[in-house]
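For reference, the structure is listed below as C-alpha cells.
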Amino acid sequence: MVSTVVFWLAAAVAIVGAGGVLLAKHPVHSALSLVLNLAALGVLFLLLHAEFLAVVEILVYAGAVMVLFLFVVTLLMAGTKTPRDEGRFRLAYQYLLAGLFGLILFVLVAHALVGADWMSSLAATNAGGSFGSIAAFGTALFTKYLLPFELTAVVLLVAVIGVIFLGREHGATRK
Amino acid sequence: MQDAIGILLLPALGSLIAAVFGRALGRKATSYITVGAMAAAFLWTVSVVWRLLALPPAQRSFDPVYWQWIHAGALQVHFGLLIDPLSATFLLIVTGIGFLIHLYSIGYMEGDPNFQRFFSYLNLFALAMLLLVTADNFLFLLVGWGGVGVASYLLIGFWHTRPSAVTAARKALVLNVAGDVGIMLALFILVMTLGRVSYAGVFSHVSSLTSLQVELVAFLLYLGAAAKSAQFPLHVWLPDAMEGPTPVSALIHAATMVTAGVYLVARAYPIFHAAPVAAEWVAGIGAFTALFAATIAIVQNDIKRVIAYSTVSQLGYMFLAVGISAYAAGIFHLTMHAFFKALLFLGAGSVIHALSNEQDMRKMGGLKKYMPITYWTFLIGAAANAGVPLFSGFFSKDAILGQALASGHFWLWLVGVVAAFFSALYIFRLFFLVFHGKYRGDAHPHESPPVMTVPLVVLSIGALLGGYVAVPGAWNLFDQWLQPVFSRYPGGILPAAAAAPNWGAIALTSVIVLAAVYVAWRYFAGDVVREELPAALRPIHKVLYNKYYIDELGHAVFVWTVDRLAILADLFDRVVVDGIGMGMARLVWGWGEALSPYESGYIRRYGLAVLIGGVCVVAFLTLVQ
Amino acid sequence: MNFPVINPLSVLPEIILLATSIVALFIALFLPDRRGHQLNYLGLVGVLAAIAVLPMLWAKVEVGFGGAIVSDHFALAMDAAILVSALAAFLLGLREVEPGADYVALVLWAALGMMVLTSAVELLSIFLGLEVLSLPLYVLAGFRRDRTTSKEAAMKYLLMGAFSSGIFLYGLAFLYGATGKVSLASIQAAILQNFTSHPLFLEIGAGLVAVGLAFKLALVPFHQWVPDVYEGSPTPVTAFMSVGTKAAAFGALVRILTVALPAGIVHWQPLIAFLAVLTLLFGNLAALRQTNMKRMLAYSGIAQAGYLVVAIAANSQMGVGAGMFYVVAYAFMNIGAFAVVAALSGQNEEGAEIASYRGLAYRRPWLAVSMTVFLLALASIPPLVGFPGKFYILRAAVSSGGVLLAIAIVVGTMISLYYYLRPVLLMFTHSEETESPFPATAHWTAHVTVGVMLAGTLVLGILPGLLTGPLQNAVHAIYGL
Amino acid sequence: MLDLLFFLPIAGAILLFLLPQRVARPVAFAVALLTLVVSCVLIPSAFSAGGSYGLLTSVTWVQAWGIHWALGLDGLSLVLTILTTLITTVAIAWTPSRDRTYYVLFLLLEAFSLGTFLAADLFMFYVFWEAMIIPAYLLIAGYGGQRRARAALKFLIYSLAPSLLMLVAIVGLGYEAFLQLGHWSFSLMALRHLVLPVGVQMWVFAGFAVAFLVKIPVFPFHSWMPDAYAEAPAPVTAMLSAVLSKTALYGFLRIALPLMPVAAHRFAPALAVLALISILYGAIVALAQRDGKLVIGYSSLSHLGLVLLGIAALSYTGLEGAVLQMVNHGIYIAALFLLFGVVEERLGTRDLQGMGGLEARGPILAGLFLVAVLTALGLPGLQGFAGEITVLSGIYLVHPVWAWIAVVSVILAAAYFIRLFQKVAHGTAPTEGHEGKRPEIGGVQIALVAPLILLMFVLGFYPNPVPRAVSRPLKSVTQTVGVATTPRPAATSEVAGK
Amino acid sequence: MVPLSYYLILSALLFSIGTVGVLVRRNPLQMFMSIELMWNAVNLSFITFARQYTNMAGHVFVFLVITVAAAEVAIGLAIIVVVFRTREHADVDELNAMKG
C-alpha cells in the first residue's frame with residue numbers, strides 16, 4: 001500500500017521534473033528540474049528492488065553529472081543568456097510537430113504496454129532470492145557481463161582523452 | 001558465250017583507268033583508252049552477234065552464270081549474263097552509238113579542264129548500261145539501272161559550278177531512285193511469291209501468280225520504267241538534264257539510258273502479257289506522253305530543250321508500242337530513234353559548239369552556209385524524227401501506228417497520228433530557225449572538226465537507211481531477228497503484226513507529216529523570228545511554253561512539302577525529342593533542388609526528422625501488422 | 001563465482017588496438033610535442049598488426065567472454081573493412097589534422113568500438129560498442145577546432161548522436177523486455193519458441209533499434225546529420241567514419257535483424273526495404289546539386305547505404321553476402337575518393353570544391369585518373385569493384401523476389417551517373433587557369449592510400465571471386481549462430 | 001587465341017603509356033593492324049565443327065556467382081569482330097593526335113567492343129558493354145568540338161542509364177537459371193536451355209530492349225546522337241556509329257531473340273513501329289540539317305532503323321539481311337564520317353552552307369566521298385544495296401506493309417545524301433578564308449580509307465561471304481524463335497546449333 | 001500494488017517528454033539535459049523489465065548506461081564549451097553554416 005503511494009508521488013515528481021527540463025527558461029532551472037527528476041527515478045528504482053542502482057543514480061547522476069552541468073552553465077557566460085527572441089519562430093511548426101509526434105510516440109508505446117496483460121501480476125515485494133542485491137549485481141557484472149564492463153573502461157578513457165583534447169587551448173600545445 | 005562479259009569489262013577498265021590515272025596519262029592517252037575501249041566493245045559485240053546469227057533462231061540465247069551473288073534465306077541471286085537477240089540489239093546500240101559519241105566528245109569536250117573525268121564517266125555509263133541490258137535477272141538489271149542513273153547524275157552535273165546543272169542532276173537522281181524503288185518492290189513481290197528473281201525463273205512461273213500480284217508487279221516495274229524513260233508525269237527531269245554537255249544528252253538522254261524503260265517492259269513481256277490492265281495503262285500513258293511532249297516542244301526556244309521534249313514524245317511512241325504488245329515494233333522504233341536522236345543531239349551540239357555555247361534558236365539562223373555537213377546530216381535526222389516518208393523514222397513509227405490500229409486501239413492510233421503532226425512541226429520549226437533565214441547571233445559560226453562531223457555522217461547514214469530492214473508489206477528482218485526472244489514465253493507476238501499493212505493509214509500519216517513540214521517552212525523559214533501571235537493563241541502558247549506547269553506543280557507538291565516537313569521534323573527533334581530527354585533530366589535535377597530546404601542546417605529540424613521517422617517506423621511495425 | 005571463459009583470441013584485434021593506443025598515450029608523455037605526429041605511424045603499425053592477425057583468426061570461430069562476443073567470419077570480414085578505413089585515417093591524417101597521441105588513440109578506440117559492434121552478440125556489448133564508436137568520433141569530428149565547420153560538425157554529431165543513442169537504447173530495452181534475454185541467440189530462441197511476453201514489444205524494439213542503427217548508417221530520414229558532419233569533419237576523419245561506421249552499423253543490423261529477429265515473426269523486412277528505396281533515391285537526388293566534393297560524397301554515401309540496406313532487405317544469406325561484399329567495395333572506392341580529396345588538400349580543404357577540379361587530368365594526371373576510377377566505381381561501372389558489388393546486391397534482391405527493389409537500385413544509379421561523372425568530365429576539360437588551387441605536392445602517405453585503394457578497386461573489380469568465396473563462408477558462419 | 005584478340009589492344013594500350021609520344025600513332029596503328037590480322041587468322045576456326053561456337057574459351061571467373069570468362073567465336077561474332085578491328089585500324093591512325101592518351105583510349109574502346117562481340121557469358125557482355133562507354137566518353141570529352149562537355153555527358157548518361165535495366169534483366173536470367181538448373185549461370189549456351197515463363201521473358205526482354213534501342217539509337221531514344229556525333233572527333237564518331245551501334249543490334253541477335261523467343265514475338269510489332277519511325281524520321285530530319293556530320297548521323301538513324309526492322313521481322317532472310325547491312329553500314333558510315341572529317345578539318349566548319357567546290361579543289365577527296373555517299377544511298381552494285389535489298393526482301397516476306405513504308409526512305413536517302421554531296425563538292429568554293437589549306441586528302445589517309453572503298457565494291461558485287469558466315473548462328477536463332485522461314489532448298493536440312 | 005506496466009508507461013512518458021525537449025529547446029545545454037532525460041527514462045524501463053524477469057541483466061545495463069552517460073556528458077559539455085565559448089548566444093540554431 002505504501003509502495004503504491006510512493007509510486008504515484010515519485011511518478012508525479014518525475015513528471016514535474018521532466019516538465020521543468022522541457023519548459024524552464026533558464027538552463028539552471030532546467031538542470032535543477034532534472035535533478036528532481038533523477039531523484040524521483042532513484043526512488044522508483046528502490047521500489048523495483050534496485051537499491052544499488054538507486055544509489056548510483058542519485059550519487060553519480062543527480063550528484064556528479066548534474067554538478068558538471070551546472071558548472072558548465074555557469075562557465076559559459078553565453079549559456080546564461082537566453083537565445084535571441086527573434087529566432088524563436090524561425091522553425092515555427094517545429095514546436096507543433098515535435099509535440100504532436102512526441103505524443104504519438106507516447107501513445108504508440110503506451111498502447112503496446114497497456115495491451116500487455118502480464119504486467120498486472122507483479123508483486124512489488126520480495127522477488128525472492130538475491131535479486132537486486134549488490135552481490136547479485138556484482139556477480140552479474142563481473143561474470144556474464146564482463147565484456148561490456150571492460151568496455152566502459154574504454155568509454156571512460158575516451159572521455160578523459162577527449163575532454164583533455166577539447167579543453168586544451170587550441171594551438172598552445174603544438175608547434 | 002562466256003566471253004561476253006568482256007564487253008562489260010572493257011568500259012569498266014577504261015573508266016577505272018581514266019578515273020585513277022587520268023591525270024597522269026594526260027588527255028590524249030585517256031581519250032584513246034576510253035574511246036578504244038568502246039570501239040573494242042563494239043567489235044566484240046559484233047562478233048557476238050555474228051555468232052548468234054550463225055545459230056538456228058531457237059538457240060540464239062545464252063545465259064552464262066559467273067558467281068553466286070548472294071544466298072541469304074529467300075533471296076538467292078546469281079550473277080549471270082543473258083545474251084539473246086534483244087540484248088544483242090541493245091549491245092549494238094550502246095557500244096556502236098556509244099563509240100561514235102565518245103569519238104565526238106573528243107572534239108566537243110576539248111579544252112574542258114575535267115576532260116579525263118568526263119571520259120571516265122562516259123565509260124562508267126556504258127558499263128552500267130551494258131550491265132542493264134545483259135543482266136539475266138531483275139536484281140542485276142537493277143544494278144545497271146541504278147548505275148546508269150548515277151552516271152547520268154554525274155554527267156548532268158558535270159559542270160558543277162552551274163547551280164542549274166547541280167539542281168538538274170539532283171532532280172534526275174531523285175526521280176530515278178524513285179523509279180528504282182518501284183523495281184525493288186516488284187522484286188520483293190517476286191522474291192516472296194516465286195522465290196526467284198532471274199528472268200527465266202520468273203517468266204516461266206508467271207502463271208502461278210495471282211492476277212492482282214502480277215498486275216502489281218507490272219505496275220511497279222512500269223513505275224521504274226516510266227521514271228527512267230521520262231513518261232508523264234515523271235518526265236520532268238529529262239528536259240532539265242540538258243544542262244549536261246551535249247554528247248551526254250545524245251548518248252544518255254536520247255539514245256540509250258532513257259530507252260531502258262522500253263527495254264524493261266519488252267524484256268518483262270510475259271508479266272505485262274499477264275497483266276492487261278497495266279499494259280493498257282502503259283500504252284495509254286505512252287500515247288498521251290507522245291502528244292503532250294510534242295506540243296510543248298513546239299514553243300520552246302532552247303535548241304536542246306526542243307530535242308529533249310522530242311525525245312520524251314518519241315519515248316511515248318515506244319511505250320505505246322510495248323503497251324499494246326507490239327514489242328518488236330517498239331524496239332525497232334527505239335533503234336531508229338537511237339540513230340536519229342543521237343544525230344540530232346550531236347548536230348545540235350555541233351551548232352552550239354560553233355556558236356560558242358549559244359542555245360537560243362532565236363539567235364541562230366542561216367547556218368546552212370556556214371556548216372554544210374552539219375546542215376545536211378541534221379536534215380536527215382529531222383526528217384527521220386518527223387517521220388517523213390522513206391526515212392527511218394517513217395518506217396518505225398508507222399510500224400507502231402499500224403499495229404495500234406490493227407490491234408483495235410483506234411484512239412491510241414489517233415493520238416499517235418496527231419502527235420506525228422506536231423513532231424514534224426516542232427522539228428522542222430527547229431530546223432528552219434537554225435539553218436535557214438539570216439544569221440541573227442553575234443558569234444562566228446564555223447564547221448566543226450572532223451572528229452565531230454564523222455560521227456554525224458555515220459549516224460546520218462543509219463538514220464537514212466536503217467528503216468529499210470523492215471519495209472511494210474515487203475520484209476521485216478527486225479521482227480525475224482527478235483522473234484526467238486518474243487516467242488519463248490506466251491504473249492510476245494502481237495497477232496495483228498502478221499496482218500497486211502494498212503496503206504490508207506500510212507498514206508494519211510505521210511500527208512499529215514508533210515503538211516506539218518510545210519507549215520513549219522511557211523512560218524519559220526523566214527529571216528526573222530515571228531514573235532507576235534494571234535490573241536487567241538497567246539494563252540495556249542503560255543501554257544505550252546511553261547510546260548503545262550507540271551514542274552511547278554511537282555515542285556509544290558513534293559519538294560516544297562518535303563522541305564517543310566523536314567524543317568518541321570528537325571524542329572520537332574530539337575524541341576520535343578531532345579526536350580523530353582533534357583526535360584526529364586531537368587525534372588530529376590529539380591527534385592534534387594526541391595530537397596534542399598529539408599537539409600536546413602538546423603539541428604533541431606534534423607532531430608524532428610529522426611523523431612517523425614522513428615514514430616512512423618514504430619507505427620508501421622505496431623499498427624500495420 | 002563462475003568467471004566466464006574470456007578467450008583473448010576472440011578479441012585479439014581489439015586488444016591490439018587498445019594496447020597500441022595505450023602505448024601511444026604513454027609514449028606521448030615522453031615525446032616532444034613537435035614530434036607528436038610520429039605517433040601516427042605507431043597507430044598505423046597497430047592497425048596493420050590487427051589486420052595481420054585477421055587471417056590467423058579466420059581458421060576458427062572464437063567465442064569470448066562467455067558468449068558475449070564472437071570472432072566469426074562475418075565479424076572478421078567487417079573488421080577488415082573497418083581496419084582499412086582506420087588505416088586511411090592514419091595515412092591521410094598527417095597533413096590536415098596535426099595528429100598526436102590523442103588523435104591516434106581516438107581513432108583506434110573508434111575502430112575498436114566499430115569492431116565490437118560487428119562482433120558482439122549480446123545487447124549490452126552492442127550498446128557499449130556503439131558508444132565506444134560514437135564518443136571518439138564526436139571529438140574527431142571537431143578535431144579542427146580552429147574551423148567553424150569542424151566545430152559545428154562536432155556539435156551536430158554529438159547532439160544527434162546522443163539523441164539517436166537514446167532511441168536505440170530504448171529499443172534495446174524493449175528487446176530485453178520482450179524476452180528477458182540479452183544475448184541474440186537466446187532472443188532468437190525465445191522468439192522461435194513463441195516465448196515472448198508481448199509480440200508488440202519485439203516490434204517496437206526492432207523498430208527503435210533499427211532507427212538507432214539507421215541513424216549510424218545514414219538512412220533517410222535519419223540521415224540529415226551526415227552531409228553536415230562529413231563536410232565539416234577533417235577529411236581523414238570523414239573517410240574513416242563514412243566507411244567504418246557504416247560497416248559497423250551494417251554488421252550490427254545484420255546480426256540483430258536477420259539473425260536474431262526472424263523476419264517471419266518480426267515484420268521489419270518491408271520497413272527496411274522501404275527505407276532502402278527512400279534512402280537511395282533521396283541520396284542520389286540530393287547529391288545532384290552539390291558543389292562541394294565532400295558533401296557530394298556524403299550524399300553519395302547515403303545513397304550507397306541505401307544499396308547496402310537493400311541487401312539486408314533481401315533477408316537471405318545471399319543478401320548478407322552481398323552486403324558484406326558491398327561494404328568492402330564501398331571501403332575501397334569511398335576511401336579512395338576521400339584520399340584524393342585529402343591528397344589535393346593542404347591545411348584547409350583546398351580539394352573540396354568540385355569546380356576547382358577543372359583540368360586536373362592535365363596537371364595531376366595520377367590523382368585525376370585515380371579519382372576517375374573511384375567515381376566510376378561508385379557509379380558501378382565495370383570492371384571496377386562497385387559493379388560486382390551492385391551486381392551481387394541486385395542478385396540478392398532479384399532472387400528474393402524483389403524485382404522492384406532492383407529497379408529502384410537501377411533508377412538510383414541512373415540518377416547518380418550525373419553527379420559521379422560530372423567531376424570526371426571536369427577533370428578532363430582543359431582549364432584556362434594556370435593557377436592551381438591545390439598545394440603542389442601531397443604527403444606520400446596520401447599517395448600510398450590512393451594507390452592501395454586503386455589496387456583494391458581494380459583487383460576486386462576484375463576478380464570479385466577473390467572475395468565471394470570467403471564471404472560465402474562468412475555468411476554461413478553468421479547463420480550458424 | 002580468342003583471348004589474344006581482347007588482350008592485344010589492352011596490352012597495346014599499356015605499352016603506349018610506356019613509349020614516347022612521337023611513336024604513339026605508328027604503334028597504335030601497328031597494334032590495331034595486328035589485331036586485325038589476328039581476327040582474320042581466326043576466320044577458319046569460327047566455322048570448325050562442334051558446338052554452337054566454333055571457338056570457345058571458358059574459364060571460371062567468379063565461382064560463387066556462376067560467372068565464366070567465356071569468349072566464343074562463331075560466324076556472327078566473327079564478321080562483327082573483323083568489322084571492329086578493321087574500322088579501328090583505319091580510324092585510329094586517321095588523324096594525328098598530340099596526346100598519347102587518345103590512342104590509349106582508342107585501343108581500350110576497341111578491346112571492349114571486341115569483348116562485347118565475343119562474350120559468351122552475359123555477365124561479361126554487360127561488363128564490356130559498360131566498359132566500352134567510358135573510353136568513348138573520354139574521347140568525346142577530351143578531344144571533341146566546342147560543345148563536347150555537354151555532348152559527352154549526354155552520351156554517357158543516355159548510354160549508361162538504360163544499361164542498368166539490362167543489368168537487372170541479366171540478373172533475372174541468372175536467377176531463372178538458378179531456379180531451373182540449380183546453379184546460377186550467365187552462360188549464353190546454358191541459358192538457351194531454359195524455358196522461361198512468359199512474364200519473365202517479357203520484362204527481361206524489355207530490359208534488354210531499352211538498353212539496345214538507346215545504343216543503336218532508335219527514335220525516340222536518339223537524342224544523345226546528334227550531340228555526340230557532331231561533337232566527337234571524326235574517327236570517334238566513326239567508331240560510335242560503325243561499331244558501337246552494332247553492339248546493340250548484335251545484342252538483339254545474340255541475346256534478346258534466342259533467349260526470349262516468345263517475348264520477341266510479342267515485342268516485334270513495337271520494335272517494328274519504332275524502327276519504321278526511325279527510318280522515315282531520320283531521313284526527313286537529315287534533309288533539314290545544316291551540319292554535314294548530322295546529315296550522316298541522321299542517315300545512320302534511318303539506316304539502323306532498317307536493320308532493326310529486319311530483325312523485328314523475325315524472318316531468316318531478314319536477319320541475314322540485317323547482319324549484312326550491319327557490316328555494310330559499318331564500312332560506309334565509317335568512311336563517310338572519316339572523309340567528312342577531313343573536309344571539316346580543312347575547311348574549319350561543318351556547316352554545309354559554308355562549303356562547296358571540293359570537286360574542283362580536292363578531286364580525290366571528292367571522288368572518295370562520292371563513292372562513300374553512293375554506297376550509303378544504296379546505289380545498286382555497291383555494298384549498301386546488297387544489305388538493303390536483302391533486309392527489305394526479308395521484311396517483305398513477312399510484313400509487306402513494313403517494307404512498303406520503309407522503302408520510301410530509299411528515295412529520301414537519295415535526296416539527302418545527294419544534297420550533302422552537292423553542298424560539299426559542287427558549286428564554287430566559299431570565298432572567305434580557307435584559301436591557305438588545300439582541301440585535299442593526304443596520302444596516308446588515302447591508304448587508310450582505300451580498304452574501305454575497295455570493300456564497298458567487293459561486297460557490292462560479292463556480298464555472299466557475310467550471309468554464308470552467319471547462316472549457322474542465324475538459323476539457330478530462327479529455329480529458337482520458331483518462325484517458319486521461307487521455303488529454302490534442300491541444302492537447309494542440315495541443322496545448325498541446337 | 002502498482003502494476004509494472006505503470007512504471008513502463010511512466011518511462012514512456014518521460015522518454016517522450018525528453019524527445020520533445022530535444023526538439024524544442026534551442027540552448028544546447030537544455031537539449032543535452034533532455035537527452036539525459038531520455039536515457040534515464042530508458043533506465044527505468046530496464047529496471048522494470050529486470051524486475052519482471054528477476055533478471056540482473058537489466059540492472060547491469062542501467063549501470064553501464066549511467067557510466068556511458070557520464071562519459072558522454074563530459075565530452076558533450078566539453079564540445080559545447082568549445083563551440084559556444086566564443087559565441088554570444090548559446091543557440092544551436094546559429095549553427096547552420098553547412099546546409100543544402
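To the nearest 0.5 Å, atoms CZ (E:Phe63) and CZ (A:Phe149) are separated by 6.0 Å. Note: A:Phe69 CZ to E:Leu77 CG = 5.0 Å, rounded to the nearest 0.5 Å. The line from CD of E:Gln30 to OG of A:Ser30 is 3.5 Å long, rounded to the nearest 0.5 Å. Taking OH of E:Tyr7 as the reference point, atom CZ of A:Phe45 lies at 11.5 Å (rounded to 0.5 Å).
At least one donor-acceptor pair closer than 3.5 Å links the side chain of A:Gln94 to the backbone N or O of E:Leu23. The backbone N or O of A:His49 sits nowhere less than 3.5 Å from a side-chain atom of E:Arg51 that would complete a donor-acceptor pair.
The two residues E:Glu36 and A:Leu34 make their nearest non-hydrogen contact at CB-CD2, 4.0 Å. Here the closest heavy-atom approach between residue A:Pro148 and residue E:Leu64 is recorded as CB-CD1, 3.4 Å. When every heavy atom of E:Met56 is checked against every heavy atom of A:Ala140, the shortest pair comes out as CB-CB, 3.9 Å. The minimum heavy-atom distance between A:Val73 and E:Met33, with the atom names listed, is CG2-CE, 4.4 Å. Residues E:Ala71 and A:Val155 come closest through the heavy atom pair CB-CG1, 3.4 Å. Nearest heavy atoms, E:Val20 versus A:Gly102: CG2-CA, 3.7 Å.
Using the six-membered ring where Trp is involved, E:Tyr6 and A:Phe7 have ring planes that are tilted, between 30° and 60° apart.
Heavy-atom pairs under 4.5 Å with chain E were tallied for A:Ala18, A:Ser33, A:Gly99; the largest tally goes to A:Ala18. The candidate from A:Leu151, A:Val56, A:Leu105 with the greatest count of non-hydrogen atom pairs under 4.5 Å with chain E is A:Leu105. The choice from E:Val22, E:Thr19, E:Ile80, E:Ile79 that makes the most heavy-atom pairs within less than 4.5 Å of chain A is E:Ile79. Highest contact tally toward chain E, considering only A:Val107, A:Leu53, A:Leu38, A:Asn37, is held by A:Leu53 [criterion: heavy-atom pairs under 4.5 Å]. Taking E:Ala57, E:Ser34, E:Gly21 one by one and counting their heavy-atom pairs under 4.5 Å with chain A, the maximum is reached by E:Ala57. Listed options A:Ala10, A:Ala64, A:Ala136, A:Ala110 were ranked by heavy-atom pairs under 4.5 angstrom with chain E; first place goes to A:Ala136. Of the listed residues E:Ile47, E:Val73, E:Ile17, the one with more heavy-atom pairs under 4.5 angstrom with chain A than any other is E:Ile47. The candidate with the highest count of non-hydrogen atom pairs below 4.5 Å against chain E, out of A:Gly162, A:Gly19, A:Gly17, A:Ala50, is A:Ala50. If you tally non-hydrogen atom pairs under 4.5 Å between each of A:Glu57, A:Met66, A:Lys144 and chain E, the highest count goes to A:Glu57.
When heavy atoms are compared at a cutoff of 4.5 Å, A:Phe71 does not approach chain E at all. Proximity to chain A (any heavy atom under 4.5 Å) is restricted, for E:Val82, to the side chain, taken from C-beta onward. With a 4.5 Å cut-off on non-hydrogen atoms, A:Val158 touches chain E through its backbone and its side chain both. Within the 4.5 angstrom heavy-atom criterion, only side-chain atoms of A:Val60, from C-beta onward, approach chain E. Both the backbone and the side chain of A:Leu141 come within contact range of chain E, with heavy atoms under 4.5 Å apart.
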Which atom pairs, one a donor and one an acceptor, fall under 3.5 Å between side chains of residues 8-15 of chain E and the rest of the protein, sequence neighbours left out?
from    : atom 1 : to      : atom 2 : distance (Å)
E:Ser11 : OG     : E:Ala41 : O      : 2.7
E:Ser11 : OG     : E:Ser45 : OG     : 2.5

Next item on the list: Kindly indicate, with the supporting measurements, whether the criterion side chain to side chain contact (heavy atoms under 4.5 Å, CB included) is fulfilled by A:Leu48 and E:Leu44.
Entry: CA-CA 9 Å; A:Leu48 294 166; E:Leu44 181 57; 4.2 Å; yes

Margin query: Quick one, A:Val72 with E:Leu29, criterion side chain to side chain contact (heavy atoms under 4.5 Å, CB included). Give me CA distance, side-chain angles, the key distance, then yes/no.
Written below: CA-CA 9 Å; A:Val72 172; E:Leu29 289 165; 3.9 Å; yes

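Using a 4.5 Å heavy-atom threshold, the side chains of A:Leu22 and E:Val24 count as touching.
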